Q: 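Dropping a structure here in structure tokens format, bear with me for questions.
If you're wondering where the values come from, they're calculated on a predicted model, not measured in any experiment. Remember, it's 1-based here, ligands and their atoms both numbered in the order they're listed.
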Amino acid sequence: MADCANSESAKRGPTFTKMIYKELVSETKQSAGRVTVVGVGAVGMASAFSLLAMGICNDLCLVDARKEICQGEQLDLMHGLAFYGKRVAISGDSDYGASANSKIVVLTAGARQAQDESRLDLVGKNVTIFKSVVPQVIKYSPSAILIVVTNPCDIMAWVAWKISGLPKHKVIGTGTLLDSSRFRYMISERLGVAPHSVHAYIIGEHGDSSVPVWSSVNVAGTRLKDLTPTIGENPERDPENWDQVHKTVVGVPHEIIKLKGFTNWGIGMMVSRLCEAILRDQRTVYPVSTQPDGWSGIYDEVFISIPCIVGSSGISHIINMNLDPPEQKAIQESARMLRRVIDTIKL
Ligand SMILES: NC(=O)C1=CN([C@@H]2O[C@H](COP(=O)(O)OP(=O)(O)OC[C@H]3O[C@@H](n4cnc5c(N)ncnc54)[C@H](O)[C@@H]3O)[C@@H](O)[C@H]2O)C=CC1
Ligand SMILES: CC(=O)C(=O)O
């Protein structure tokens, strides 16, 4: 692909470069932080664009079953590089060899929901796709950290972990990171403060059984629950009906899918922040999908969102969170539901 992209410079390069500079040392090309995005659709390209726009990666590879799309997107992104201010290597191919030695592989390949579908309806199709994609990824990048976006992302993270044979800390489902971001934004609108000044988590499944942790929602350490002890309960007990915020978080992707066919920008921004945490070892706390290993009494072998420290090794720690008994019960039920779905999968 590089030949196609640089055909003129490939022809003229050797003569011209000798006139421009003199070689002092023979360079060995080595990528410190290649990020590969598998699945160059709406989500894959929003992730790729965010990675570039936020200046997070300097070596980006796009892989998709549709070779022409990879090449088209590669060329299109490269044509903006003169205005970007940094040098970035961009490659694109349907051959996974192009992704070799990636530090991070973001998996977005697969089917997306139609208007009347739930995320869980995608299991069959997307497990089949992962069975072909994940072995190829691992063949060329055996030490990669996988970020699983493809829905249902908790289930697909478990599938990617099983097929890849990677240690669990190297497989991260994006989980309720997007739900939590939507939650923070909606609370911030009600309170009239910036979204990043609202500290709030949604945990559990990235889906209908997600759990809003009202007991810890706070602004500058002031817990909303201390001001409204019934926050998040039914409208008879909580006249401000804060539970509607969670209901909106659960329903809004369906509304966006009805309006534009898919969601992509929010998740794209989140993927690039996750990559940043890994590439720069930021040890940022994010609610992402991982194995709970007994966290809050969850012993099922599932991937489910809980607050984790994300850094250069992937997920290094799980944060102990004091949940109220109803929150604890709800996340345990969410885990049991995910496990029931996993039990139907044949790998
Ligand atoms: N976890 C989250 O928060 C979110 C997850 N998603 C999920 O992300 C996934 C992708 O969504 P979109 O980008 O909108 O879909 P899309 O249809 O625009 O793109 C999917 C891409 O996957 C590629 N693909 C399909 N099979 C493949 C294979 N075997 N090998 C390589 N590439 C293959 C297709 O060619 C296509 O380019 C869906 O499962 C969607 O539900 C979407 C938004 C948020
Ligand atoms: C599609 C999806 O999972 C979301 O936007 O939340």
Side-chain angles (χ1 to χ4, degrees), residues 36-50 61-74 92-96 98-99 105-115 117-137 146-157 159-160 163 172-183 185-186 202 204-210 246 248-274 286-289 303-305:
T36 290
V37 177
V38 181
V40 180
V43 173
M45 284 316 295
S47 305
F49 185 75
S50 296
C61 176
L62 307 173
V63 176
D64 196 286
R66 301 177 298 158
K67 188 175 173 117
E68 302 74 27
I69 297 289
C70 296
Q71 294 178 342
E73 295 290 13
Q74 177 202 4
D93 211 320
S94 53
D95 185 330
Y96 285 78
S99 70
V105 178
V106 182
L107 297 171
T108 80
R112 64 185 183 208
Q113 296 154 260
Q115 253 188 58
E117 278 184 315
S118 84
R119 296 177 183 90
L120 292 173
D121 291 329
L122 303 172
V123 171
K125 283 182 226 168
N126 288 344
V127 168
T128 304
I129 289 172
F130 269 34
K131 280 183 184 171
S132 66
V133 165
V134 175
Q136 287 294 310
V137 165
L146 305 184
I147 295 180
V148 182
V149 185
T150 303
N151 271 323
C153 62
D154 306 296
I155 305 287
M156 298 311 297
V159 170
I163 298 176
I172 307 174
T174 51
T176 55
L177 190 54
L178 180 55
D179 314 59
S180 298
S181 176
R182 289 171 173 148
F183 193 47
Y185 163 73
M186 289 173 201
I202 287 185
E205 179 208 4
H206 173 53
D208 296 350
S209 71
S210 68
H246 177 235
T248 307
V249 168
V250 172
V252 80
H254 300 283
E255 196 183 320
I256 301 172
I257 289 168
K258 199 168 151 198
L259 291 167
K260 60 174 259 197
F262 52 86
T263 61
N264 63 330
W265 296 116
I267 186 65
M269 286 186 248
M270 253 136 269
V271 164
S272 57
R273 282 289 175 229
L274 272 179
Y286 287 127
V288 282
S289 201
F303 274 66
I304 192 165
S305 281

Q: Run the numbers for me: atoms of ligand 2, each under 4.0 Å from some heavy atom of Arg119, listed by number.
A: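 Near Arg119, the atoms of ligand 2 are 2 (C), 3 (O), 4 (C), 6 (O).
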Q: With the threshold set at under 4.0 angstrom, would you say His206 reaches ligand 2 through any of its heavy atoms?
A: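 A heavy atom of His206 does come that close to ligand 2.
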Q: Would Ala111 count as a polar contact of ligand 1, with the cut-off being nitrogen or oxygen pairs under 3.5 Å?
A: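 Between Ala111 and ligand 1 (N or O atoms, distance only) the closest approach is under 3.5 Å.
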Q: Please state which part of Val149 comes within less than 4.0 Å of ligand 1, counting heavy atoms only: side chain, backbone, both or neither.
A: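 Answer for Val149: both.
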Q: By number and element, which atoms of ligand 2 are closer than 4.0 Å to a non-hydrogen atom of Leu178?
A: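 Answer, ordered by atom number: 4 (C), 5 (O), 6 (O).
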Q: Which one holds for Cys153 and ligand 1: side chain close, backbone close, both close, or neither close, with close meaning a heavy atom under 4.0 Å?
A: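 Side chain only.
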Q: Starting from atom 2 (C) of ligand 1, which protein heavy atom do you reach first, and at what distance in Å?
A: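 Checked against all protein heavy atoms, atom 2 (C) of ligand 1 sits closest to His206 NE2, 3.5 Å.
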Q: Among protein heavy atoms, which sits nearest to atom 4 (C) of ligand 1, and what does the distance come to when rounded to 0.1 Å?
A: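 Atom 4 (C) of ligand 1 sits closest to the protein heavy atom Asn151 ND2, 3.7 Å.
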Q: Does Thr263 approach ligand 1 within less than 4.0 angstrom via side chain, backbone, both or neither, non-hydrogen atoms only?
A: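 Under 4.0 Å from ligand 1, Thr263 contributes backbone and side-chain atoms.
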Q: Which of the atoms in ligand 2, numbered in the order shown and given with their element, are less than 4.0 Å from a heavy-atom of Pro253?
A: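 That gives atoms 4 (C), 5 (O), 6 (O) of ligand 2.
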Q: For Ser118 and His254, which I'm curious about, is there any donor-acceptor pair between the side chains at under 3.5 Å?
A: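 Checked: Ser118/His254 side chains show no N/O donor-acceptor pair below 3.5 Å.
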Q: Report the part of Arg119 (side chain from C-beta onward, or backbone N, CA, C, O) that has a heavy atom under 4.0 Å from ligand 1; answer both or neither where that applies.
A: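 Arg119 to ligand 1: no contact under 4.0 Å from either part.
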Q: Output the list of atoms in ligand 2 that are nearer than 4.0 Å to some heavy atom of Gln113, sorted by atom number.
A: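 With Gln113 as reference, the close atoms of ligand 2 come out as 1 (C).
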Q: Any idea which atoms of ligand 2 are less than 4.0 Å away from a heavy-atom of Arg182?
A: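 The list of qualifying atoms is 4 (C), 5 (O), 6 (O).
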Q: Side chains of Ser99 and Thr36: do they bring a donor and an acceptor to under 3.5 Å?
A: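 Side chains of Ser99 and Thr36: no pair found under 3.5 Å.
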Q: Measuring from Asp208:CG to Ser210:OG, what's the distance to the nearest 0.5 Å?
A: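 These two atoms lie 7.5 Å from each other.
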Q: For ligand 1, note which part of Arg112 has a heavy atom under 4.0 Å away: side chain, backbone, both or neither.
A: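 Both backbone and side chain of Arg112 come within 4.0 Å of ligand 1.
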Q: How does Asn151 reach ligand 2, by side chain, by backbone, by both or by neither, if only non-hydrogen atoms under 4.0 Å count?
A: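 For Asn151, only side-chain atoms sit under 4.0 Å from ligand 2.
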Q: Among all protein heavy atoms in this structure, tell me which lies nearest to atom 5 (O) of ligand 2, with the distance rounded to 0.1 Å.
A: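 Among all protein heavy atoms, the one nearest atom 5 (O) of ligand 2 is Thr263 OG1, 2.7 Å.
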Q: Are side-chain heavy atoms of Leu274 and Tyr286 found at a separation under 4.5 Å?
A: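 Heavy-atom side-chain distance check passes, below 4.5 Å.
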Q: Show, in sequence, the C-alpha distance, side-chain angles and deciding distance for Asn126 and Thr150, and conclude whether the side chain to side chain donor-acceptor pair (under 3.5 Å) test is met.
A: CA-CA 8 Å; Asn126 288 344; Thr150 303; 5.7 Å; no
Q: Can you find an N/O atom of Gly110 closer than 3.5 Å to an N/O atom of ligand 1?
A: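 N/O-N/O distance under 3.5 Å: yes.
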Q: Among the heavy atoms of Asn126, does any lie under 4.0 Å from an atom of ligand 1?
A: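 Heavy atoms of Asn126 do come under 4.0 Å of ligand 1.
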Q: When Met156 is tested against each of Val127, Asn151, Leu107 for side-chain contact (heavy atoms from CB on, under 4.5 Å), which residue passes?
A: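 Exactly one pass, corresponding to Val127.
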Q: Give the residue and atom name of whichever protein heavy atom lies nearest to atom 11 (O) of ligand 1, and the separation in Å to one decimal.
A: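 Nearest protein contact, heavy atoms only, for atom 11 (O) of ligand 1 is Val43 CG2, 3.6 Å.
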Q: Quick one: list whatever passes salt bridge (Lys or Arg N to Asp or Glu O under 4.0 Å) with Lys131, sequence neighbours left out.
A: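 Scan of Lys131 (salt bridge (Lys or Arg N to Asp or Glu O under 4.0 Å), adjacent residues dropped) gives none.
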